[in-house]
There are 2 protein chains.
Amino acid sequence: MVSSKDVAKHAGVSQTTVSRVLNTPELVTKKTLEKVLNAIEELNYIPNDIARSLVQKKTGVITLISGPLHNPFFVDTTTAIVNYANENGYKINVYFGTEDNLHTIYNSVLESKTDAIILSSILYDDPLYDKLEKLNIPFITFNRKHKKDNHYVEIDNEHAGRIVAETMYSLGHTDLCWIGGPQTMSTFYGRHKGFCAALHNLGIATDKLPFYFTDTSKAEIKAVFEMIVSLDKRPTAICAATDAIAIEVMSLCLEKGFRIPEDFNIIGIDNVELSRHHSINLTTVGMKSEKNLGSLAIAQLLETLKEENACIRQTESVKLFLRNTTSKKVD
Amino acid sequence: MVSSKDVAKHAGVSQTTVSRVLNTPELVTKKTLEKVLNAIEELNYIPNDIARSLVQKKTGVITLISGPLHNPFFVDTTTAIVNYANENGYKINVYFGTEDNLHTIYNSVLESKTDAIILSSILYDDPLYDKLEKLNIPFITFNRKHKKDNHYVEIDNEHAGRIVAETMYSLGHTDLCWIGGPQTMSTFYGRHKGFCAALHNLGIATDKLPFYFTDTSKAEIKAVFEMIVSLDKRPTAICAATDAIAIEVMSLCLEKGFRIPEDFNIIGIDNVELSRHHSINLTTVGMKSEKNLGSLAIAQLLETLKEENACIRQTESVKLFLRNTTSKKVD
DNA sequence: CATAGTAATGAATACGTAACCATTTTAATC
DNA sequence: GATTAAAATGGTTACGTATTCATTACTATG
């Protein structure tokens with residue numbers, strides 16, 4: 001391994017000067033600059049970023065703890081986050097968190113020197129929040145938020161839930177069902193809350209409607225779908241708390257020979273990229289802005305790294321994207 | 001920042017002993033072990049992995065240069081690679097390479113201390129190969145391979161191409177078209193070569209068939225599809241070099257009101273996870289093994305990190321996955 | 001030409017850890 | 001209790017860079 005000392009010796013200057021050539025070349029004479037650059041060239045010198053990180057106490061690495069990519073939402077956000085970070089000179093360490101490995105990931109991340117953390121996996125009442133604040137490590141959550149109501153970028157989940165209910169109602173559907181996720185996550189909690197609130201306002205009793213709270217795994221969604229199919233009074237519309245759930249339900253529907261939307265109306269939330277595919281064409285609720293939630297979060301995070309301004313509370317407004325998995329109810 | 005020196009002072013031992021407690025506790029008395037562990041606890045000490053990397057010359061980081069996630073193939077491989085690496089104690093730095101930013105990424109990666117590189121973006125005749133060998137940095141390519149025929153895990157691309165042609169032929173389709181990618185990549189080259197070879201064997205002249213070589217962008221695929229639609233003699237079957245292309249073509253078909261497979265048969269290669277979705281249900285060619293190509297590659301890479309055995313040439317055999325985007329031709 | 005001021009360079013040090021080698025402590029055997 | 005071997009601990013250094021401070025080399029001004 002050739003170091004800056006080797007370069008210095010080869011060029012007949014001090015190691016300090018080599019460092020200057022790389023970092024503050026304007027403080028170096030043209031003549032010595034050339035000498036050093038030539039030496040760097042000849043020796044194929046590559047600066048050691050680990051050593052630099054040690055002395056500067058900055059790694060240039062941001063840790064992303066994402067959900068798994070079989071959820072298309074995280075495909076979109078991971079793409080946006082990684083690319084934005086790279087364009088701004090940061091490297092991204094990626095983890096895909098699941099219920100099983102999340103604790104292991106947290107330990108690994110907390111023991112690693114990372115300039116900041118961007119994650120979505122936080123629970124509404126998660127002890128991780130305090131740990132991060134205590135360690136004074138900059139972080140932001142996207143999609144979900146913590147009860148302490150800071151460091152987050154989300155969509156207006158309650159409004160999204162309301163739009164889902166109102167959309168189905170306006171299409172004539174009153175036999176609805178809801179497939180959600182763990183209520184310990186702000187997204188699922190908020191969407192469900194908005195959904196129920198809207199139904200209440202519309203005069204639809206929610207206590208008789210089938211509500212299911214899954215762990216969002218394929219297995220549980222399948223189990224839930226089979227329960228729905230076997231209901232005495234089958235719902236005409238399935239309201240999924242996320243596009244990921246909705247798209248999985250679509251696959252199950254088609255597998256069983258049901259038609260969409262003739263047999264089941266389906267609606268999701270998130271407006272993931274995949275939902276636009278003409279084989280899917282999922283009616284959904286998503287951000288009004290063209291931007292991606294991951295982009296917004298990583299942009300905010302990089303801002304706070306500059307300014308030490310530790311206050312990010314961003315809730316993006318939402319709207320309906322009407323596509324082909326929904327239709328007017330025919331009696 | 002609390003260091004191992006602080007812990008040492010607090011526990012009344014040397015920094016060396018603190019280091020031993022963390023790395024070789026069996027060399028330490030129970031009594032001092034406890035003292036040190038208590039000090040660690042009280043001071044909330046977290047070892048600095050950067051300093052450790054510097055002295056050990058190992059970072060525990062592997063760099064993944066993947067293609068973009070809007071290609072579902074890379075969704076599958078990225079998932080497999082990141083998870084496998086994490087399970088084995090490695091962190092993964094992720095980049096999503098495109099034609100535009102690839103050069104920038106290479107520069108960034110080469111200047112960073114990474115234990116190894118796993119990438120798919122290599123060209124058949126890529127100067128990067130020599131650079132990596134020269135720098136003596138362990139690496140592996142998945143999916144694509146370099147002409148120097150080493151450090152790769154791939155599928156049998158030629159065979160895949162043959163299966164595509166034979167499948168369509170056996171269904172009665174002889175008006176075929178091919179939508180491929182840059183022939184500078186071993187995948188596209190091999191698949192196209194196998195496709196042509198099989199057609200030749202079947203007695204179908206390839207010189208009159210419409211072959212298109214795109215850059216795999218949505219824009220070019222769309223342009224190609226429009227050309228296909230406007231052909232005098234419209235092909236009855238579209239053979240895509242990858243599932244990503246096939247799935248994009250499906251969306252374009254449906255958007256224009258064509259039916260699949262009534263108006264167009266469609267087949268891909270890769271057998272990506274998404275192709276199994278019942279809204280897609282794409283006929284495709286993929287690995288016989290249940291494993292993922294990314295898994296195989298990262299597993300091989302980690303092996304070579306242990307053994308310094310620098311020879312990986314793995315070509316996985318393939319088979320047909322017959323689904324619903326293909327059907328017997330009716331005259 | 002002297003002098004002050006600035007530009008350019010170098011020497012020494014810190015960053016936080018692991019590793020090497022030396023030293024002290026403990027245990028074991030006679 | 002003496003001697004020897006083994007176990008446990010500590011002192012020092014290396015890793016490769018940026019930074020701080022000191023020093024030397026220039027330049028400009030009168």
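Numbered from 1 within each chain, the chains take letters A, B, ... in sequence-line order. Side chains are part of it too, since the values below use all heavy atoms of this structure and drop only hydrogens, waters and symmetry mates.
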Before giving the answer on side chain to side chain contact (heavy atoms under 4.5 Å, CB included), spell out for B:His10 and B:Val2 the whole-Å C-alpha distance, their side-chain angles and the decisive distance to 0.1 Å. CA-CA 11 Å; B:His10 194 264; B:Val2 38; over 6 Å; no
Could you state the [atom1]-[atom2] distance from [X] to [N], rounded to the nearest angstrom?
{"X": "B:Glu26", "N": "D:dT9", "atom1": "CD", "atom2": "C1'", "answer": "15 Å"}
{"X": "A:Lys113", "N": "C:dC15", "atom1": "NZ", "atom2": "P", "answer": "14 Å"}
{"X": "B:Lys5", "N": "C:dA18", "atom1": "NZ", "atom2": "P", "answer": "13 Å"}
{"X": "A:Ile40", "N": "D:dT17", "atom1": "CD1", "atom2": "C1'", "answer": "13 Å"}
{"X": "B:Leu22", "N": "C:dT17", "atom1": "CG", "atom2": "P", "answer": "9 Å"}
{"X": "A:Lys9", "N": "C:dG10", "atom1": "NZ", "atom2": "C1'", "answer": "15 Å"}
{"X": "A:Ile46", "N": "D:dT17", "atom1": "CD1", "atom2": "P", "answer": "11 Å"}
{"X": "A:Asp6", "N": "D:dT17", "atom1": "CG", "atom2": "P", "answer": "9 Å"}

Has the side chain of A:Gln15 got a donor or acceptor atom sitting under 3.5 Å from an opposite partner on the base of C:dA11? no
Between A:His151 and A:Tyr129, what is the ring plane arrangement, given parallel below 30°, perpendicular above 60°, and tilted in between? tilted
Please work out whether the ring planes of A:Tyr189 and A:Tyr124 are parallel, tilted or perpendicular, with thresholds of 30° and 60°. parallel
Less than 4.0 angstrom between a side-chain N/O of [X] and OP1 or OP2 of [N], yes or no?
{"X": "A:Thr32", "N": "C:dT9", "result": "yes"}
{"X": "B:Gln56", "N": "C:dA19", "result": "yes"}
{"X": "B:Ser3", "N": "C:dG16", "result": "no"}
{"X": "A:Thr17", "N": "C:dG10", "result": "yes"}
{"X": "B:Ser19", "N": "C:dT17", "result": "no"}
{"X": "B:Thr16", "N": "D:dG10", "result": "no"}
{"X": "B:Lys57", "N": "D:dG16", "result": "yes"}
{"X": "B:Ser14", "N": "D:dG11", "result": "no"}

Classify B:Asn23 by what it touches in the nucleic acid, base, sugar-phosphate, or nothing, heavy-atom distance under 4.0 Å. sugar-phosphate
Reckon B:Val13 touches a base, only the sugar-phosphate, or nothing at all at heavy-atom distances under 4.0 Å? sugar-phosphate
Both B:Val28 and A:Asn48 contact DNA chain D. Taking the nearest nucleotide for each, which residue is further toward the 5' end? B:Val28
Between A:Asp125 and A:Lys147, is there a side-chain N and carboxylate O pair less than 4.0 Å apart? yes
Return the nearest nucleotide to the side chain of [X]; candidates are [options].
{"X": "B:Leu54", "options": "C:dT17, C:dC20, D:dG16", "result": "D:dG16"}
{"X": "A:Thr29", "options": "C:dT9, C:dT17, D:dT17", "result": "C:dT9"}
{"X": "B:Val55", "options": "D:dT17, D:dT9, C:dA18", "result": "C:dA18"}

Does the side chain of A:Tyr95 come under 3.5 Å of the side chain of A:Ser108 through a donor N or O and an acceptor N or O? yes
Are A:Thr114 and A:Asn93 packed together at the side-chain level, in the sense that at least one heavy-atom pair is separated by less than 4.5 angstrom? no
On DNA chain C, compare the nucleotides closest to B:Arg20 and B:Asp49; which residue's is nearer the 5' end? B:Asp49
